[in-house]
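Shown next, in structure tokens, is the structure this report addresses.
Just so you know, residue 1 is the first one in the sequence shown, and it goes up from there.
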Amino acid sequence: MSHSRENIVVVGGGVAGLATALRLAPLPVTLVVAAPLGAEAATGWAQGGIAAALGADDRPDLHAIDTLAAGAGLSQPLVARRVAGAAPGAIDWLVGLGTPFDRNPNGSLALGLEAAHARRRIVHAQGDGTGRVVLETLTRAARDCPSITVMEGWRAGELLADANGRIAGIAARDREGRTLTLAARAVVLATGGLGGLYGATTNPLGAVGSGLALAARAGAVLRDLEFVQFHPTAMAVDGDPERAASGGPAPMPLATEALRGEGARLFNSRGERFMAEVPGQELAPRDVVARAIFAQLAAGETVVLDARMKNIDTRFPGVVALCRAHGLDPARAPIPVRPAAHYHMGGIRVDVAGRSSVPGLWACGEVASTGLHGANRLASNSLLEALAYAQWIAQDIAGEDAAPGLARAPSPARPRSPARAEIRALMDRQVGVVREAVGLEAAAARLGAIADREGCDLSLVALAITEAALRRSESRGGHFRADHPAPAAAARHSETRLADAADAVETRQVA
């Protein structure tokens with residue numbers, strides 16, 4: 001398959017990949033997606049919205065301040081200010097593509113409130129359907145864009161470098177095992193997160209950190225892998241079996257944070273509102289709420305979210321539909337909830353233009369560590385980050401003169417892990433909401449043995465997260481160590497590299 005020397009490969013069909021491909025127009029882009037375009041992307045499951053300082057009482061610098069506070073010392077102030085400043089323009093761009101955001105009677109955008117935001121600044125669509133609506137809009141625009149070629153049903157199996165070490169293409173494989181080499185002047189990874197490595201997750205099960213493995217095997221530096229955000233209010237019901245594959249439980253439906261923004265309250269089985277005395281109460285940062293619920297569950301309690309409010313059917317139609325699909329009526333009874341792996345703050349280390357440490361490779365969205373989220377992502381900053389960086393990455397690539405050289409031949413395909421169910425259970429148990437050295441050491445030993453035996457991406461990424469969590473002997477943001485419950489005096493990042501071809505990882509702490 002021949003490609004123009006100008007070809008750019010974007011891997012991933014969520015908001016990050018679609019927005020990057022659209023922003024690159026009219027440059028030729030090959031968009032590589034494992035599932036039909038618009039399906040199985042976590043974007044479509046996002047219930048919250050997009051944070052943007054649009055209110056009369058709001059400013060981008062206030063949005064940046066809230067972002068930095070949530071990041072617990074590891075967010076980069078310059079990045080927070082840049083992204084917050086780009087938010088209104090990102091909303092305008094989506095409106096220009098025809099995104100039907102919810103509006104007030106006077107025609108202005110309706111703004112919601114979510115945890116740890118000091119102002120109402122959450123732009124949403126169809127109540128709690130923002131991710132799905134944005135994904136549909138971007139998918140339609142991408143299909144209509146003549147410069148974008150979509151390859152559905154292909155997975156990126158390897159990043160291919162030229163003789164100078166620059167990424168010059170990818171090897172893609174389909175379900176039948178066929179391999180296709182795509183040359184590219186630039187490769188953008190937009191492969192999403194890794195919640196599917198956990199048994200309890202709100203993510204698609206395909207979200208297992210595949211982009212992190214691709215980048216690590218190509219020599220890229222990964223950053224802050226230990227920071228996994230657990231959404232406090234996943235519905236404690238059986239997940240959707242149609243979304244489950246072999247390898248453990250199905251994803252859990254989400255009771256959006258916006259419910260708590262509109263007054264929903266948490267109670268244990270004794271009827272106690274256990275968040276009442278916590279600063280911020282139900283709208284405290286996600287890690288605080290998740291640990292509080294985890295503590296209740298560990299003590300043998302059940303936890304429910306009482307969202308019995310006026311007009312819940314019209315205000316939160318997605319949540320109501322999910323509840324009713326599982327035999328619950330949120331207008332009549334509280335929703336059982338528990339924490340679940342939801343978002344990865346860590347990722348491929350990138351600069352302000354989205355460049356990784358390997359020439360020719362960029363990363364956008366959840367797979368990237370931009371410096372925005374730090375130790376704990378602020379609600380509704382994820383779609384925003386992807387939209388902002390998509391534009392900056394496109395501008396950076398458009399300004400590059402480099403044409404692809406000849407990439408080396410791809411290596412044999414790696415096996416899919418037969419230990420997937422074991423890995424997910426292990427991550428839940430030992431690398432979850434609350435961690436400690438003995439559990440992390442046991443997990444690292446077992447994951448190392450699986451990696452030695454199988455050499456698969458799942459074990460590599462799970463091991464890298466576990467090793468980073470073991471080396472962070474403090475509690476900060478989404479990373480909580482029961483044996484080190486206080487934060488260290490200095491906030492330091494962790495950086496992870498693949499040590500050798502045998503899937504050994506090296507993690508160090510840096511300023």
Residue pairs passing the salt bridge (Lys or Arg N to Asp or Glu O under 4.0 Å) test with at least one member in residues 373-388, sequence neighbours excluded, are none
Salt bridge (Lys or Arg N to Asp or Glu O under 4.0 Å): pairs with one or both residues in residues 226-236, sequence neighbours excluded | E226-R472
Shortest non-hydrogen contact between A220 and S357, atoms and distance = CA-OG, 3.5 Å
Answer yes if the ring centres of H373 and F227 are under 6.0 angstrom apart, and no otherwise.
-> no
Output field: ring centroids F230/Y198 closer than 6.0 Å | yes
Within-4.5 Å side-chain heavy-atom neighbours: [X] and [Y]:
| X | Y | result |
| --- | --- | --- |
| V9 | L31 | no |
| T202 | W45 | no |
| M151 | V33 | no |
| L22 | L138 | yes |
| W362 | V187 | no |
| I348 | V221 | no |
| L305 | L259 | yes |
| I8 | T30 | no |

What I want to find out is whether [X] reaches [Y] closely enough, with some N-O distance under 4.0 Å, to be called a salt bridge.
| X | Y | result |
| --- | --- | --- |
| R349 | E495 | yes |
| R81 | D61 | no |
| R166 | E400 | yes |

Got a donor-acceptor contact below 3.5 angstrom from the [X] side chain to the [Y] backbone?
| X | Y | answer |
| --- | --- | --- |
| E474 | P487 | no |
| R481 | L470 | yes |
| R223 | S369 | yes |
| E282 | M275 | no |
| T496 | A464 | no |
| R121 | A52 | no |

Regarding [X] and [Y], is there a side-chain donor-to-acceptor distance under 3.5 Å anywhere?
| X | Y | answer |
| --- | --- | --- |
| D66 | H117 | no |
| E158 | S411 | yes |
| D287 | Q229 | no |
| S494 | T507 | no |
| H63 | N381 | yes |

Qualifying residues under ring pair (Phe, Tyr, Trp, His ring centres under 6.0 Å), relative to H344, sequence neighbours excluded = none
Is the charged tip of R82 near the ring of W392: under 6.0 Å from the six-membered ring centre and within 45° of its axis?
-> yes
What residues, two or more places apart in sequence or in another chain, satisfy side-chain contact (heavy atoms from CB on, under 4.5 Å) together with H124?
-> D102, A110, T130
Mind checking side chain to side chain donor-acceptor pair (under 3.5 Å) for R132 and listing every partner two or more places apart, or none if nothing turns up?
-> Q126
Paired with T370, the side chain to side chain contact (heavy atoms under 4.5 Å, CB included) test is passed by just one of V79, V352, D351, V83, namely V79
Identify all side-chain donor-acceptor contacts of residues 453-461 below 3.5 Å with residues at least two apart in sequence or on another chain.
residue	atom	partner	partner atom	Å
E454	OE1	S417	OG	2.8
D457	OD1	R217	NE	3.2
D457	OD1	R217	NH2	2.9
S459	OG	C456	O	3.0

Residues T201, H342; criterion side chain to side chain contact (heavy atoms under 4.5 Å, CB included); working and verdict | CA-CA 6 Å; T201 182; H342 181 62; over 6 Å; no
